[in-house]
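Here the structure is a predicted model, which means the values were calculated and not measured.
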Amino acid sequence: MFSNKLTNSYKQSPDATDMDVLSFLDLLDLDEEIVDARLHILMKKQSHTNKHLANVLQLLNYKNLINTQENSECSNSEEYAFVAKIINQIQNDNIDNICKIIRVALNLNTKTLVSKSEHLLQQILSMMDLSPEKLNEESASNQALLTFQLCDNILDLIISHGETICLPFYELPVENILFCNNDKLKVNFLTNTVPKFLQGVWGFNILDAIWTCLKNSAQQYNEFVLNILSCLSDYYLPAPDDRGILAYESQVVRQVEFWSIILFGLMSLNPTVRKISLYLNKRAIDCLKAMKKNIVVQFENDIILHWDPVKEFDCKNMWENYFTLFDSLEEKQSNIVLPSLQLFQSLGNIGAVWLNCLFHIGLKHDNIQVRVKCIHYKLDTPFSNQSEVVVLLEALNDINIYENPTEYGMIKEKIANLYHDLKFFILFYQSIPFVNWSPVPLYHVSNIITLICPTNIIKTSQEIDSALCNLSGEEIVQLIRYLLNIPCNIVTLRKAIHVNMAYFLKICCSKLKWNHLLGVFSLFQIDFFEYKFIIEFVKQHILSRIDNKTFFLESLMKSVSDIDFMIFYLECESDDLLIFDELLHKKLKNIQDVINRQYSNKREFLDDVIFIIHLYNRTLNKELFRARIERDQKFILSYIFTLLSCETTLTIEEITPFLNEYLSSVKTDSDNKDIFVQLYIISIMLIKDRNTDLAKAVLCMHIINKLHKNFSLKSESRQLMISLYDILNLIMSFENTQNIGRLTNVFYENSCELLYYMIKSNDEDIVKHTKDIIVYIEKVIECGGYGCLIWLLRIINLILPTIMGKEENFNVMVFLNRMWKEIEELKSNNQYSPCIEEFINLLMQDSLLNQPMYNNIIILYCNKIIEYGPTKNFPLFCLIKKLNTKEIIYKYGHLIYVLTEILLYTPVPRKDQRIVENLVVEILQDPTYEIYQSHDVITNLQIQCSAVMTLSKIDYLEILSTITSLIIKKIDEIFKNTQRYHAGSKPHRAVFMALQHFLAVFLKTGGEDTRVIKNWCLDFLSKLPHQPNVRICLEWYIALCCYVQKTKVNKEFLQELIDKNVPLTSQLVILYWVFKRKFLNGTSTKPEYNFVMDTLLSNTMGQMFNIRLHAQYMSTKLHTMNESNSKKYAYTIDIINRTLDENSNDKNLIKMKNDYFINQFDIMADLTFPFIYNYLPKYTDIKQEIVNINYINDIMKSLNEIDVMTDSTFHKEWKSCHRPDEQDAHLLCSKYSFNNTSEAEPAEPELTGTIQKKYIPWKNMSDVNVYEIKKKRESPSDLIVIASLIDKLPNLGGMARTSEVFGVKTYVVDSLRHLQDKQFQNLSVSAERWIDVEEVRPGIALKQYLMRKRSEGYAVVAAEQTSNSFQLQTFKFPKKTLLLLGHEKEGIPCDLLPLMDYCVEIPQQGVIRSLNVHVTAAIFVWEYARQNIL
């Protein structure tokens, strides 16, 4: 198949010999007979040491020398026989000598060279055992390696003489060699033996044999096959010469197996495998281009590749774009990858299989922007199999994708549009269970599959039915069950997912039967009757098709898990209640029989009792069922009594149904009263009995607990109820030898609950029992489980006012510390939230707050709660909610510090946390889900709003002043060593929140006592550059203070701002705002107007563009406002207006025209709580949370209803001019922008038209050859760069990189140890691996090196400024150049300059006299490469 005419040829060269020995022998002029005699003796030996072989080699070399001198040949039969004998003696230590002997012996007679070489090679190959068993033995495989080295040596000799040998019938088991365990053998075979077989043997095509092996092994060993193909790529995929002509045509490029191997590699998760595959792909395309033939590679009915020489230009560009895009996707930086993604649009004809390789990388890219763009492109291409859809879904299973509602809305819309493709529809639904979904992506995918899309894409029922015909009922149920079983800790999100699946259930009704619905109904955690439309569909399409209803209900009444579905069915089909009554009566009759029979097995119908109890508990609010069950409750109560009376042992699972609301909710009518009393009495008796089974004791405690909570029974049987003292003694005296932790915890949990309700009922004097209660609490803390914590905290909350200061045995601080530690261990437990809420209630107890000795401990725990806020904000929400109920007055002065910390609570939310919170808010506002409140996700906005509510309720000026002083101190600490801060950072959020509070306090107090804050704002405004919303707040507060203080707008006013170093733009804005308010209020004067106009106009020609624009625009606004009294400025303003009109398309001017704070803002009218806390934050670069509009409106309405503290002139004016709620609500809908101060967003990278091309041609990809990866590539130049005089490692590393990039032959440094240094490696980026690096020390060694290189023909060029140096742009570099670089400071030493052939300098124009040595080297190397290589 493959031609043996290869382009490469080997030069004939004499074997390396010891010239000194030969010269000595030649000097002796020994007779040939003497040499033959000695040689004959050595060859006759039966065994030969390595020294013998070395002597034989010297004698044979001497004979060869005589033949050369006499131009004759001699017989080599004896030598050939010797060779045939010693090949059986090869070992690692003598292989070199034996190979040399073979070459010299065969060279003695070139006429017989071919025949004897052929015979010898056949002999060697025939004695090799290449069976898999042998090759997997280490000794045998090593021997095979040595034998192949002999073969390589013989073939190398044949090739050097330009001959070939014939092996027509030889069969080499290449598969055994390629798949053996000896890597050295495989590497030698592929890199040495195969090339020599190709050039030196005819009649046996080794490439065909290897290719056959590779084809058969491709599926099982694909990565290994790729490695072999890359190693032999020069032969399977020959490169065209400089004229674009191939030595022979590649045949593998026509075979579908080859392209299948390439595609497998491109789809690999291993970057190295992908790199090898891409390398082979590039070579194959170059082969196709050079072959100039129409080639179609097809698998079944799909065309994998089509190369059309008629459209060669288009094909070439398409594949170049493909390679560029593929290599770009391998990069990590988005600025490289994103621009290249537009190349997808040029790959429309390349084929889906190749595009899938790109998507396989792109959809798993680390950068989220790249992944999103690839998702969009993938959705624009057809899907052919399930694996493609799974990769897409895995890409969608990333919470970060759902940060931008517009972006993921487009994705969901595209997927919904693809539902029209039946194949995609089926693949999409079948692929969902193959992904491990996280909650947020799960919500969105459940939203997609139910067709509840933002664009309201609704398919007709006929289309849906047509698509669902291809999915079986089992597949639909499996999908629903899978999605409903995925855990989700966020209740709101979980309910929304279940609602989505209910919609999907509605869609699939026509495909499901009742048993299908039965399998998933219990998994739904929603009430179906809240969603009426689903009920109708289920009734119509599923329930109406039930034939045997008795059998159906019997099936449902066998398992507790089917109760919900049974209730649902009976509520839909109330006519079947008679059947239900019959079946329920049958169960009750069985229970009654067990009760009445004395020696019956009481556990026989326990399952039926548990079923009825569950049924009762789930129908408490459903009169339709409850009336039916309550009439026979005495049977269940009697059964419980029977269980307690007999010796039946119960498990925790069996008593769990009784440990709920059943007993406390059962009516204590005349029929049941006696049974309740009996249950109560026997429960007390059993607990007193130390031999009582622990499970029964738990049930007894539960019964006592529940009956004490049953008020009707308690009132009627008060004389039977035991006292608090008796209960304490009963519990404390209870001991059980059974070590069952879960049951023990449940027992103590029930006892704590009982104790809590008994104390709460206030039936007895608690004071005399406090000691016993505290002892009990200590015991429960030691012995009880986490379920007891909530009840212990509630008990202490009840009794704390009673025991505070009276009970010496109770240490509040110790108790708080123990409770905090216990609660900390509950962070992942559902008990955490109620426990921490009770703990905070305890902290905020008046009895604690009134005691100064506890101030520090209260502040300590409050600070801990605030500190934990960013990770767990529910405790902080509870704390601020509790603070909101307290009057923060002098009595509770220490709470001011806590409130201040909360007011500055500005966490930078994690991206995933923000996405979850935003999604929850969206769900709450979506009427589809009918979820109107959420307690599982507390947003930072709720905490901040609650803190503002607390602040707004404070009516004491001194307290407000203290809070503002503390806030200033806190902000100063944050910015103590800060020169700048970034948008969205914690400092940014903190200072902005502080300024919002200052404005709110200003509104509250009417501007009283503002001097300190005003001075601070002036200082802070000039201290450092600010973010837009911070700058606005500072300017606003200063302007308000000046206005309230009735400051005249004149030179003194402006000078105050100048003295405080207020930025000029802020000066103009403050002047503008203050005068505008005065003008609107009618208190401005003409001199003030003239002063402001003169100040603005004086800056219209300033140096800074921003100042000029502000001055020009604000002067026109003021003139328009007071045009009738502004004639003196009319001409100037007219010129400014014309100038602005001429530049109306300027983006900065457009931003200013849309800036609310320049156009419409009023320092008094806008001073409202909604504006400060809702609208002002939108004038920012901070990523805002999605706001629950209803919640915000309620909060702001409450804030606006709070009375101000004074009835000053300020407040009178404010009440007359501030914007009402209606205007505030529509403010953001106006034409003015609240987010216009940030820089214009740059164009999307993929639209810029510039693509970074990071991949390199395959001809330079020497490192892709896996079997020669450690070899340095051959340099295309003869340039040697000497950096021995340089001692700074970054410079050395950078020059190594430059040398590698431009193909320097040798890079010389003063020590090879530099190569291991991190500073060197950071700049070299592994360049030292691919170039030759030598070590030459400065001094004598460097001089000797320079002289030696000069003797080898190198021109020594110094990069140095001398009196006779050449200009670089005029200097012609010789091909063999040695470039010497000088020291960073001293340059090249004077003693080396005489050794230079040329000194060359870079012409300069600047003042600094020299460049950095790395930069100099780069310029010199580039110029050499430009002249000699490029």
Should the pair Asp152-Lys196 be classified as a salt bridge under the 4.0 Å nitrogen-to-oxygen rule?
no
- Message: Pair Asn281, Phe323 - check side chain to side chain contact (heavy atoms under 4.5 Å, CB included), show working.
- Response: CA-CA 9 Å; Asn281 197 357; Phe323 296 142; 3.7 Å; yes
request  = Kindly check if the number of other-residue, nucleotide or ligand heavy atoms within 6.0 Å of NZ (Lys1318) is above 12?
outcome  = no
Sequence neighbours excluded, the answer for ring pair (Phe, Tyr, Trp, His ring centres under 6.0 Å) partners of Tyr1307 is none
Quick one: are Val1308 and Val1333 in side-chain contact, heavy atoms under 4.5 Å? no
Is the count of non-hydrogen atoms from other residues, nucleotides or ligands lying under 6.0 Å from Ile245 atom CD1 greater than 12? yes
Taking the side chain as every heavy atom from C-beta outward, state whether Ile165 and Leu155 have any atom pair closer than 4.5 Å. yes
Across all chains, not counting sequence neighbours, the ring pair (Phe, Tyr, Trp, His ring centres under 6.0 Å) partners of His48 are Phe82
_Taking Arg283 first and then Asp286, would you say they form a salt bridge - that is, a charged N and a carboxylate O separated by under 4.0 Å?_
no
Residue set satisfying side chain to side chain donor-acceptor pair (under 3.5 Å) with Thr1416, at least two apart, ordered chain then number -> none
Is it the case that the side chain of Thr1306 and the backbone of Asp1332 share a donor-acceptor pair, with hydrogens and angles ignored and the cut-off at 3.5 Å?
no
Using 30° and 60° as the class boundaries, would you call the ring planes of Phe1366 and Phe1371 parallel, tilted or perpendicular? tilted
- prompt: Would you say the side chains of Tyr279 and Ser233 form a donor-acceptor pair under 3.5 Å?
  reply: yes
Phe148 meets the ring pair (Phe, Tyr, Trp, His ring centres under 6.0 Å) criterion, sequence neighbours left out, with Phe189
Contacts of Ala1418 meeting side chain to side chain contact (heavy atoms under 4.5 Å, CB included) (sequence neighbours excluded), chain-then-number -> Thr1298
Residues at least two apart in sequence or cross-chain that pass side chain to side chain donor-acceptor pair (under 3.5 Å) with Glu163, listed by chain then number, are none
Under a 3.5 Å cutoff, is there a donor and acceptor pairing between the side chains of Glu1328 and Gln1316? no
Gln89 meets the side chain to side chain donor-acceptor pair (under 3.5 Å) criterion, sequence neighbours left out, with none
With sequence neighbours left out, the residues meeting side chain to side chain contact (heavy atoms under 4.5 Å, CB included) with Asn142 are Glu138, Asn182
Residue set satisfying side chain to side chain contact (heavy atoms under 4.5 Å, CB included) with Asn55, at least two apart, ordered chain then number -> Leu42, Lys51
Cationic N near anionic O, under 4.0 Å, Lys282 to Asp327 | yes
Residue pairs passing the salt bridge (charged side-chain N to carboxylate O under 4.0 Å, His left out) test with at least one member in residues 1339-1357, sequence neighbours excluded, are Lys1343-Asp1391, Lys1349-Glu1352, Arg1350-Asp1397
- Report yes if the side chains of Phe326 and Lys275 come closer than 4.5 Å at any heavy-atom pair, otherwise no. no
*Are His1314 and Ser1311 linked by a side-chain donor-acceptor pair shorter than 3.5 Å?*
no
Margin query: Atom OH of residue position Tyr1398 - does it have more than 12 heavy atoms of other residues, nucleotides or ligands inside 6.0 Å?
Written below: no
Closest non-hydrogen atoms of Asp1278 and Lys1375, given as atom of the first, atom of the second and distance, are CB-O, 3.4 Å
Closest heavy-atom pair, Val83 versus Ala105, reported as atoms and distance to 0.1 Å, is CG2-CB, 3.8 Å
Which donor-acceptor pairs under 3.5 Å do side chains of residues 1281-1297 form with protein atoms, sequence neighbours excluded?
from, atom 1, to, atom 2, distance (Å)
Ser1284, OG, Val1336, O, 2.8
Asp1287, OD2, His1383, NE2, 3.2
Asn1291, OD1, Asn1412, ND2, 3.4
Asn1291, ND2, Glu1384, OE2, 3.3

Those residues at least two apart in sequence (or on a different chain) that pass side chain to side chain donor-acceptor pair (under 3.5 Å) with Ser1365 are Glu1401
